[in-house]
2 protein chains.
Amino acid sequence: MEKTNAKDNATLPAYALDDKDLAILRLLQQNAKITVRDIASQIHLSTTPVHERIKRMEDSGIIKQYVTLVDHAKVRKGLMVICYVSLKEHNKKSGAKFIKTINELHEVIECYNISGEFDFMLKVVAENMDAYYDFHVNKLSQIENMGHLQSVFVMGIIKQTHQLVN
Amino acid sequence: MEKTNAKDNATLPAYALDDKDLAILRLLQQNAKITVRDIASQIHLSTTPVHERIKRMEDSGIIKQYVTLVDHAKVRKGLMVICYVSLKEHNKKSGAKFIKTINELHEVIECYNISGEFDFMLKVVAENMDAYYDFHVNKLSQIENMGHLQSVFVMGIIKQTHQLVN
DNA sequence: ACTGAAAGACACAGACT
DNA sequence: AGTCTGTGTCTTTCAGT
C-alpha cells in the first residue's frame, strides 16, 4: 500500500502538494467538519479522490489534528499573559526538567524557545488576575533553576487564525 | 480581560457548564471529529443529550470553531517569528488602519494588543529567513504610522495546545 | 486518477419515560 | 433531562473507465 515508511517525517514536506490538495487544506483549516461531498463539489471532483487525498495528508502528517476551539472568556479563561523566562543554568539536564514541568502546567498553552535575552516565551491563560498571580508566585516562580521572569499582559486580541495555507 | 461591546455577548459565560459539558469539551478539543456516539459511550449517556449539549454550546458561542491543524514545516512555513510593534501615533484612526492592514497580511497568524513598551505583538510564519526578511522590509515596515519594530525568533516549539478546558 | 454506485456508519429528529 | 427508534445523509469501499 504505502511507498515510504512515515516514521521519520518530522521535517521535510512528505510530497509536493498540488493545487487540489491546497484547496482541500484551505477548506479544512476553516472548518474541520466540512463534508467530503461539500469539498468535492467546491473543487469539482467526486468524493473518492477527495477522500483519498485527505487520507494521504493525514497519514503523511501534513494534517496534524482536528481540534475544537473554545471561547476563552466563556470558559473562564479570559486573561491571557505572555510570560518571559530565563533559566539560571543552561545545561541539557535543567532544560529538560523545565520543559517537563511546563508540559504539566495546564495554564501554559504555548511555550517556545526563543532568541534574545530570555530563553523561553510562554502563553498563559487564567480566569483572572488573582488566578494568574497565584500561578506566577506559586507555580512558575517555584520551578527549580528559574532565573528572570517577566509578564506582558494581553489587552486585546486583534487577530487569531490557524490558516497556515492560503 | 477583553472589553465588552454593548451589542454582543462576548464576555460572560452564557450559562454554567456542568461536568458533562466539560467532559464533552475535553474530548472535542482533542479531536473535533470524534463521533457523538463515541462521546456518549465515554461519558455514559445516549447520543441525544450529547447532541443537544453540543448544539447548545455551539449556539451560545462556547464552541467557536472546528479547525484543522496543519504541520508548519510540511507546508513550507517552518520559520516562526514573534514581532513587536509600536506605532508613532496612538489615536483611534491610525490604530484602526493598522488593524485592518494586519488582518490582510496572511503571514501574520496572531496579533495582540499588549501592555509594556510596545503596542502590539505579532506571531508571523514564513517559509524561511529570506521570505521573512522580505515580509519585514517590504510589508511590515511600510505600514503607515509604523514606529519601532523588533523581531524575536522562535528556535523551538516546546508546547502548543488548544486545550483551554482541562 | 478519476467516476458512479452501493454498503454501512452516522447525525439528527420524533415519540416516549 | 434522559432512553430508544427510525430516517435521511454521510463516509468509505469497490467495480469500472
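Reminder, nothing fancy here: chain letters follow the sequence lines and each chain counts from 1.
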Item to complete: Scan residues 26-49 of chain B against DNA chain D and write down, sorted by residue number, each residue with any heavy atom closer than 4.0 Å; if none is found, say none.
Response: B/L45, B/S46, B/T48, B/P49

Practice prompt. Verify the distance criterion only: is there a donor paired with an acceptor across the side chains of B/N145 and B/S94 at less than 3.5 Å?
Written response: yes

Worksheet item: So, A/Q160 and B/Y112: side-chain donor and acceptor under 3.5 Å apart, yes or no?
Response: yes

Discussion item. Do the side chains of B/D71 and B/R76 get close enough for a salt bridge, i.e. N-O under 4.0 angstrom?
Written reply: no

Fill in: 4.5 Å side-chain heavy-atom contact, B/K74 and A/Y15
no

Fill in: N/O (side chain, A/K20) to phosphate O (OP1/OP2, C/dA1) under 4.0 Å
no

Discussion item. So that I can tick it off, tell me whether A/E110 and B/K159 are bridged by a salt bridge, with the cut-off set at under 4.0 angstrom between side-chain N and carboxylate O.
Written reply: no

Worksheet item: Distance check: side-chain N/O of A/R53 vs OP1/OP2 of C/dC2, anything under 4.0 Å?
Response: yes

Worksheet item: Does the pair B/R56/B/E52 count as a salt bridge with the N-to-O cut at 4.0 Å?
Response: no

Discussion item. Please tell me if B/H51 has a side-chain N or O lying less than 4.0 Å from either OP1 or OP2 of C/dC12.
Written reply: yes

Worksheet item: Taking NZ, NE, NH1 and NH2 as the nitrogens, is one of them in A/E127 or A/K77 under 4.0 Å from a carboxylate oxygen of the other?
Response: no

Item to complete: In whole angstrom, give the distance that lies between atom NZ of B/K55 and atom P of C/dG14.
Response: 13 Å

Practice prompt. Hydrophobic side-chain clustering at under 4.5 Å (ILVMFWY, transitive links): who's grouped with A/V137? Put none if nobody.
Written response: A/Y133

Worksheet item: Between which nucleotides of DNA chain D, read 5' to 3', does contact with chain B run, using atoms under 4.0 Å from its heavy atoms?
Response: D/dG2 to D/dC4

